[in-house]
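Following this message is one structure expressed as structure tokens.
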Amino acid sequence: MIMIAGPCAVETATDTYKIAEELSKYDKQIILRGGCWKPRTKPDSFQGLGEVGVDILVAAYELYELRGCCLEVMDKKHLDYIINHYPEKNIILQIGSRNMQNFELLKLVSSYSKEYGNTVLLKRGFGNTINEMCGARDYLQHDNVILCERGIRTLSEASRFTLDLSAVPVLQQKTGCRVIVDPSHAAGEKSLVPGLARAGIAAGADGLEIEVKSASAKCPRKCDEAQALPMDEFYILAHLCEDIDKLLKK
Ligand code: PEP
Ligand code: MN
């Protein structure tokens with residue numbers, strides 16, 4: 001099972017190291033996520049630490065011997081920084097929901113990941129169909145692509161977005177790619193995250209991307225605080241999801 005976990009955004013070195021340490025105590029196979037360039041709705045919201053954030057994220061995953069890290073890229077400058085500074089590291093290049101149909105970005109990420117071997121995590125646009133996602137996947141002309149269902153806009157106001165679980169088997173069948181579920185952005189609220197995560201694995205997802213915060217965190221996070229799962233709750237959830245996954249593979 002692929003497990004990508006970490007803060008919404010890299011905020012400080014201390015906080016990121018703490019989260020990496022806590023995740024590593026659970027399982028060193030976890031991939032540490034953390035946005036460094038954040039696509040925020042409003043310009044006065046925290047925009048991420050940029051290049052410094054990448055340095056922190058890579059150092060944190062290495063120090064605690066996690067499997068790798070994952071961050072969103074939106075621009076050629078971001079790709080150049082990652083490739084020039086960390087050509088040998090295990091860095092998953094995430095294409096966010098808001099950029100699923102940014103075709104020039106898709107072409108750029110495709111050529112970088114082909115040349116340097118990075119895995120690409122393509123998230124579904126929250127207003128996009130499965131066919132549009134398949135088209136976006138086709139722009140990434142190599143095999144190392146993971147798709148992510150993260151919720152779409154519907155009439156429901158019960159959660160931030162509506163997790164479209166049928167996307168999991170449909171995308172697996174149509175693309176042959178591994179498909180993971182992001183319950184955090186779908187839920188928008190931490191009490192809803194465990195149920196959606198468990199349902200995602202039960203639907204056959206190949207893994208999860210979950211936003212977490214340290215057990216000892218005191219300040220609210222600058223980004224997506226409401227959906228950040230406290231670490232003790234993450235441990236319980238990760239265990240349960242592994243059990244469900246094992247049961248399905250029996
Ligand atoms: C994220 O994973 O950091 C993120 C912004 O998610 P999405 O693109 O799905 O909104
Ligand atoms: Mn987030």
Side-chain angles (χ1 to χ4, degrees), residues 2-11 15-16 19 23 30-43 45-50 53-54 56-57 61 68-75 78 82 91-102 105-106 109 119-130 132-133 136-137 140 145-154 159-165 167-168 171 179-190 192-193 196-197 200 205 207-214 217 220-230 234:
I2 302 163
M3 181 60 88
I4 304 174
C8 178
V10 174
E11 293 182 14
D15 171 68
T16 310
I19 292 172
L23 289 172
I30 292 173
I31 294 161
L32 179 67
R33 66 150 283 145
C36 300
W37 296 280
K38 294 298 301 175
R40 303 306 300 277
T41 303
K42 294 186 181 143
S45 301
F46 176 60
Q47 301 283 312
L49 296 182
V54 182
I56 293 170
L57 191 69
Y61 105 69
C69 66
C70 174
L71 73 148
E72 178 167 355
V73 290
M74 294 185 282
D75 192 280
H78 306 164
I82 292 168
I91 301 180
I92 297 181
L93 305 173
Q94 175 169 314
I95 297 171
S97 187
R98 289 155 191 82
N99 275 311
M100 192 202 82
Q101 286 196 311
N102 180 341
L105 179 68
L106 293 172
V109 171
T119 299
V120 179
L121 178 63
L122 176 66
K123 300 190 80 170
R124 180 177 181 183
F126 49 73
N128 288 115
T129 64
I130 299 283
E132 287 165 343
M133 189 164 191
R137 187 265 170 270
L140 302 167
V145 176
I146 302 170
L147 305 178
C148 181
E149 164 59 36
R150 47 78 73 215
I152 52 172
R153 283 252 155 86
T154 66
S159 50
R160 189 176 177 189
F161 295 93
T162 302
L163 189 64
D164 177 12
L165 284 179
V168 173
L171 286 170
V179 179
I180 67 169
V181 160
D182 168 357
S184 307
H185 289 91
E189 150 57 38
K190 62 177 174 295
L192 303 177
V193 169
L196 296 185
L208 297 166
E209 180 175 41
I210 303 185
E211 290 186 348
V212 297
K213 62 179 178 182
S214 165
R221 301 205 62 82
K222 289 180 181 161
C223 195
D224 286 349
E225 161 68 19
Q227 68 198 35
L229 200 64
F234 170 79

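All values below come from the heavy atoms of this structure, side chains included, with hydrogens, waters and symmetry mates left out. Atoms within a ligand are numbered from 1 in the order they appear, just like the ligands themselves. On a predicted model such as this, the values are computed, not experimentally measured, just so you know.
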Legend entry - Heteroatom test (N, O or S) for H185 near the Mn ion (ligand 2), limit 2.8 Å: yes
Legend entry - Electrostatic pair E225:K213 at N-O distance under 4.0 angstrom: yes
Inset, instruction - May I ask you to test the L165-L163 pair for a side-chain heavy-atom distance under 4.5 Å? - result: yes
Inset, instruction - Any chance you could measure S184, atom OG, to E189, atom CD, to the nearest 0.5 Å? - result: 11.0 Å
Legend entry - Protein heavy atom at shortest distance from atom 6 (O) of ligand 1: K123 NZ, 3.0 Å
Inset, instruction - Have a look at R150, R124, E72, R160 and point out the one with the heavy atom closest to atom 10 (O) of ligand 1. - result: R150
Inset, instruction - Just to the nearest 10 degrees, tell me the angle at the Mn ion (ligand 2) spanned by E211 OE2 and C8 SG. - result: 100°
Inset, instruction - Supply the atom-to-atom distance L121 CG to R150 CZ, rounded to the nearest 0.5 angstrom. - result: 11.5 Å
Inset, instruction - Could you establish whether K38 and ligand 1 come within less than 4.0 Å of each other, counting only heavy atoms on the residue side? - result: yes
Inset, instruction - Check whether any side-chain heavy atom of L71 lies under 4.5 Å from a side-chain heavy atom of V10, and answer yes or no. - result: no
Inset, instruction - Within a distance under 4.0 Å of any heavy atom of G96, pick out the atoms of ligand 1 and give their elements. - result: 8 (O)
Inset, instruction - Output yes when the distance from some N or O of ligand 1 to some N or O of R33 is under 3.5 Å, and no in every other case. - result: yes
Legend entry - Heteroatom proximity flag, D182 to ligand 1, N/O under 3.5 Å: no
Legend entry - For R98, atoms of ligand 1 separated by under 4.0 Å from a heavy atom: 7 (P), 8 (O), 10 (O)
Inset, instruction - Could you check which N/O/S atom of D224 is closest to the Mn ion (ligand 2)? - result: OD2
Inset, instruction - Report the distance from atom CD1 of I30 to atom CG of L23, rounding to the nearest 0.5 Å. - result: 5.0 Å
Inset, instruction - Using a strict 4.0 Å cut-off to heavy atoms of S97, name the atoms of ligand 1 that fall inside it. - result: 7 (P), 8 (O), 9 (O), 10 (O)
Legend entry - Polar contact flag, side-chain donor to acceptor under 3.5 angstrom, E211-H185: yes
Inset, instruction - Any chance you could lay out the salt bridge (charged side-chain N to carboxylate O under 4.0 Å, His left out) test for K38 and D224, step after step, and finish with the verdict? - result: CA-CA 11 Å; K38 294 298 301 175; D224 286 349; 5.7 Å; no
